[in-house]
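Numbering of ligands and ligand atoms starts at 1, following listing order. No hydrogens, no waters, no symmetry mates; every other heavy atom, side chains included, goes into these values.
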Amino acid sequence: MSRRALITGITGQDGSYLAELLLAKGYEVHGMVRRVALEDPSRRLDRISRVLDRVKLHAASLESFPSIYHVFRLVQPDECYHLAAQSFVSYSFDDEFSTFNTNINGTHFVLAALKDVVPRCRFYFAGSSEMFGKVAEIPQTETTRFHPRSAYGISKVAGFDLTRNYRETYNIHASSGILFNHESPRRGYEFVTRKITSGIARILKGESTEVRLGNLDAKRDWGHARDYVEAMYQMLQQDEPDDYVVATNRTHSVRDFVNLAFSIAGLDPDKYVVTDPGFFRPAEVHLLIGDPAKATRVLGWRPKTQFEGLVEEMVTVDCENAGVSLARAKAI
Ligand code: NAP
Ligand code: GDD
């Protein structure tokens with residue numbers, strides 16, 4: 001009989017890649033989604049459109065324990081990947097309360113339902129390099145002290161602690177991935193990488209004349225989401241639950257991303273990129289670079305896509321989606 005996986009946040013970037021991976025491995029895949037998503041499939045289920053006929057979706061709200069409990073009772077999963085979250089760091093400065101509510105209570109509800117209904121179900125928590133925040137050491141590893149710099153980062157530290165606590169106290173097979181930034185052509189438009197690549201496509205199409213950005217000096221360790229969901233899967237295949245840093249061990253500034261993306265499109269960034277103080281954050285995480293040695297050693301995981309390939313793929317797909325060919329773009 002095929003194994004059954006439940007993914008919260010299946011409509012997001014990572015959820016969509018993970019659903020494809022698990023289906024390819026023969027899993028029966030279930031997704032927990034908001035009711036509004038079922039009512040507006042063409043827009044809200046866009047990222048999972050290619051697998052919609054092969055996944056089973058269940059309406060529930062991260063804000064409602066009974067709705068989550070009900071889904072666990074119905075699905076009886078063998079593995080649960082808890083990806084749903086308010087994931088935009090910037091927004092967490094605007095509304096700390098709803099970020100805590102969704103990310104902390106939501107994680108607690110999922111863990112509590114799992115413990116009660118399917119205590120042998122394996123659990124993955126989507127931790128984040130934002131937990132390191134004002135970094136205590138470079139590069140960051142599983143033993144680096146947390147110092148979050150946003151409500152989002154704090155909420156992820158709380159989720160990480162809840163996950164560890166359920167592992168230690170209730171013997172749940174619960175693991176956390178401490179994932180560094182990972183991107184793809186399915187990234188939300190509000191995140192800086194997609195904002196840049198989709199902005200380039202709009203410029204080439206003649207729909208815009210600029211891309212307005214905030215801090216260009218911030219540095220991130222950027223990988224590809226398709227590679228990172230492999231690590232999530234591998235964590236739940238281990239005999240023992242544990243926590244793992246997943247990263248490329250290379251860091252680049254936002255400016256590096258801008259320069260490479262514009263050069264792929266044959267454009268001069270100085271003519272189009274405008275620095276806008278409105279996009280600076282009240283507190284910044286300046287430098288993230290992760291050491292995935294433990295994930296490589298234990299899980300056999302390595303990133304397959306490098307920074308250059310990631311940027312090229314994102315620019316290419318956004319230009320294709322906009323109907324602009326890159327060959328033509330370079331000739332402009
Ligand atoms: P994403 O594209 O923003 O997807 C977030 C998912 O969470 C969506 O399916 C969204 O559903 C769902 N969601 C948000 N608020 C919800 C709520 N109140 N109730 C129910 N569902 C809700 O994020 P992602 O990039 O795939 O990231 C997946 C997870 O990994 C997140 O927990 C994120 O914090 C974490 N993470 C991401 C990265 C990264 O670089 N991508 C790095 C470290 C950790 P809707 O479609 O209905 O909005
Ligand atoms: N979003 C955005 N928009 N960021 C900008 C902009 C802009 O116009 N200009 C500069 N930046 C800088 C931000 O200040 C930040 O330093 C960096 O670009 C990356 O910002 P985001 O792409 O919004 O991602 P993030 O690093 O804050 O958060 C992402 O990665 C985390 C893992 O480290 C999200 O995916 C989180 O959910 C994830 O946990």
### Task
Quick one: sort the F262 and Y272 rings into parallel, tilted or perpendicular, breaks at 30° and 60°.
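If you compare the ring of F262 with that of Y272, the planes turn out parallel.
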Which one holds for [X] and ligand 1: side chain close, backbone close, both close, or neither close, with close meaning a heavy atom under 4.0 Å?
X: E63; answer: side chain
X: D14; answer: both
X: Q13; answer: both

Per-residue contact class, [X] against ligand 2 - non-hydrogen pairs under 4.0 Å:
X: D276; result: neither
X: L213; result: both
X: Q13; result: neither
X: Y152; result: side chain
X: K156; result: neither

[X] neighbourhood, listing ligand 1 atoms whose heavy-atom distance to it stays under 4.0 Å:
X: G9; answer: 6 (C), 7 (O), 9 (O)
X: S128; answer: 43 (C), 44 (C)
X: N181; answer: 40 (O)
X: Y152; answer: 33 (C), 34 (O), 35 (C), 36 (N), 44 (C)
X: A126; answer: 29 (C), 30 (O), 32 (O), 35 (C)

### Task
Only one of L83, V29, V51 passes side-chain contact (heavy atoms from CB on, under 4.5 Å) with I10; say which it is.
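Per the side-chain contact (heavy atoms from CB on, under 4.5 Å) rule, the option paired with I10 is V29, out of L83, V29, V51.
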### Query
Does a side-chain heavy-atom distance below 4.5 Å link S90 with E190?
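When only atoms from C-beta onward are counted, E190 and S90 do not touch, as no gap falls below 4.5 Å.
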### Pairwise distance CG(D78) to NE2(H173) - rounded to 0.5 angstrom
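Reported to 0.5 Å precision, the distance equals 12.5 Å.
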### Query
If you round to the nearest 0.5 Å, how far is CZ of F307 from CD of E183?
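These two atoms lie 10.0 Å from each other.
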Please confirm whether [X] comes within less than 3.5 Å of ligand 1 when only nitrogen or oxygen atoms on both sides are compared.
X: A85; value: yes
X: G15; value: no
X: L83; value: yes

### Task
Might you confirm whether atom NE2 of H70 has over 12 heavy atoms from other residues, nucleotides or ligands at distances under 6.0 Å?
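Result for NE2/H70: open.
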### Message
If we only consider heavy atoms of K156, is any one of them less than 4.0 Å away from an atom in ligand 1?
### Response
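Yes; K156 lies near enough to ligand 1 that a heavy-atom distance drops under 4.0 Å.
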What is the closest protein heavy atom to [atom], and at what distance does it sit?
atom: atom 14 (O) of ligand 2; answer: E284 OE2, 2.6 Å
atom: atom 28 (O) of ligand 2; answer: V89 CG2, 3.5 Å
atom: atom 37 (O) of ligand 2; answer: S87 O, 2.6 Å
atom: atom 7 (C) of ligand 2; answer: K195 NZ, 3.7 Å
atom: atom 11 (N) of ligand 2; answer: V192 CG2, 3.8 Å
atom: atom 42 (C) of ligand 1; answer: H182 CE1, 3.3 Å
atom: atom 1 (N) of ligand 2; answer: E190 O, 3.0 Å
atom: atom 30 (O) of ligand 2; answer: N181 ND2, 3.0 Å
atom: atom 20 (O) of ligand 2; answer: R281 NH2, 3.4 Å

For [X], counting its heavy atoms only, list the atoms of ligand 2 lying under 4.0 Å from any of them.
X: F88; value: 1 (N), 23 (O)
X: F279; value: 8 (O)
X: R187; value: 29 (C), 34 (C), 35 (O)
X: N215; value: 9 (N), 10 (C), 11 (N), 12 (C)
X: V254; value: 12 (C), 18 (O)
X: S129; value: 32 (C), 33 (O)
X: S128; value: 31 (C), 32 (C), 33 (O), 38 (C), 39 (O)
X: L288; value: 33 (O)

### Query
Contact between F280 and ligand 2, counting heavy atoms under 4.0 Å?
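Flag not set, F280 not near ligand 2.
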### Main-chain N/O of W301 paired to T296 side chain as donor or acceptor, under 3.5 Å
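It does hold such a pair.
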### Short N or O distance, A218 and ligand 2, threshold 3.5 Å exclusive
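It does not: no N or O of A218 is found under 3.5 Å from an N or O of ligand 2.
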